[in-house]
Amino acid sequence: DAMVIQNPRYQVTQFGKPVTLSCSQTLNHNVMYWYQQKSSQAPKLLFHYYDKDFNNEADTPDNFQSRRPNTSFCFLDIRSPGLGDAAMYLCATSGRGGALETQYFGPGTRLLVL
Amino acid sequence: GIQVEQSPPDLILQEGANSTLRCNFSDSVNNLQWFHQNPWGQLINLFYIPSGTKQNGRLSATTVATERYSLLYISSSQTTDSGVYFCAVSRGQNFVFGPGTRLSVLP
């Protein structure tokens, strides 16, 4: 089945230690999104790629970076995680129509910062 | 930016009951989706519905774009319907999620 895969499902890191979360998709979708969801809150869009074009939300902290080496993979790098970065990180994809199409979400990676 | 409101914030139902969830948005949109987030955090697409009415089994949704609201109907609720229901809207490429409605269905 075509799907969005996130690894790992749970990630523990130390305050200030860089961490990378990964997302892969077998849907061959053009657009990949990263969202942050804190406890009891709605998902918040961090950035998205349309093919290789990177689009950053205005209020996404500089501490968050992303890479998309090919269509299938996208990475979220947190350069110096703080306690406030503990959250669920959700990856999503959509087709050529981007925001005009359905978004499909992966299962998420829950990040814990010690 | 666009504002999204959902009501009610919390809803408790007895199994078998029906419910209506509402999503209001502050500006015209080109995409509206309803999602169910299960207790493990997985967001599951329910409907892509920028306008009109759709039905899928016990669920149906209606969006009245000119009046800037959407409704999600759940009929004959089951305990597996429990979780958080989000609507998400977009103008251009930016998606904004509403705060969600937390639904608890009791056996």
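These numbers were taken from a predicted model, which means no experiment stands behind them. Lettering follows sequence order; numbering is per chain, from 1. Below, all heavy atoms of this structure are taken into account, side chains as well, without hydrogens, waters or symmetry copies.
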Can you tell me which portion of [X] sits under 4.5 Å from chain A's heavy atoms? Options are side chain, backbone, both or neither.
X     : answer
B/F95 : both
B/F47 : neither
B/N30 : both

message: Which residue in the set A/H48, A/Q25, A/E101, A/H29 passes side-chain hydrogen bond (donor to acceptor under 3.5 Å, both in side chains) when paired with A/T93?
response: A/H29
query: With a 4.5 angstrom heavy-atom cut-off, which part of A/Q103 approaches chain B: side chain, backbone, both or neither?
result: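 Both parts, backbone and side chain.
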message: Is A/Y104 close to chain B through its backbone or its side chain, or both, or neither, when contacts mean heavy atoms under 4.5 Å?
response: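 For A/Y104, the contact with chain B is made by backbone and side chain together.
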- request: Examine the side chains of B/S75 and B/N18 and answer whether a donor and an acceptor come within less than 3.5 Å of each other.
  value: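 No.
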task: Indicate whether the side chain of B/S51 and that of B/T63 have a donor and an acceptor atom separated by less than 3.5 Å.
output: no
query: When you measure from the side chain of A/N70 to the backbone N and O of A/F73, does any donor-acceptor pair fall under 3.5 Å?
result: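 Such a contact is found between A/N70 side chain and A/F73 backbone.
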Point-to-point distance, once rounded to the nearest 0.5 Å, from CD of A/Q36 to CG of A/L90: 10.0 Å
Greatest number of heavy atom pairs closer than 4.5 Å to chain B - which of A/G108, A/P107, A/A42, A/P43: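 With the most close heavy-atom pairs to chain B, the winner is A/P43.
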message: State whether cysteine residues A/C74 and A/C91 meet the disulfide criterion of an SG-SG distance below 2.5 Å.
response: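 Cystine link not detected, SG atoms outside the 2.5 Å cut.
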query: Which residue out of B/V96, B/N38, B/N45, B/I44 racks up the most heavy-atom pairs below 4.5 Å with chain A?
result: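 The candidate making the most pairs under 4.5 Å is B/N45.
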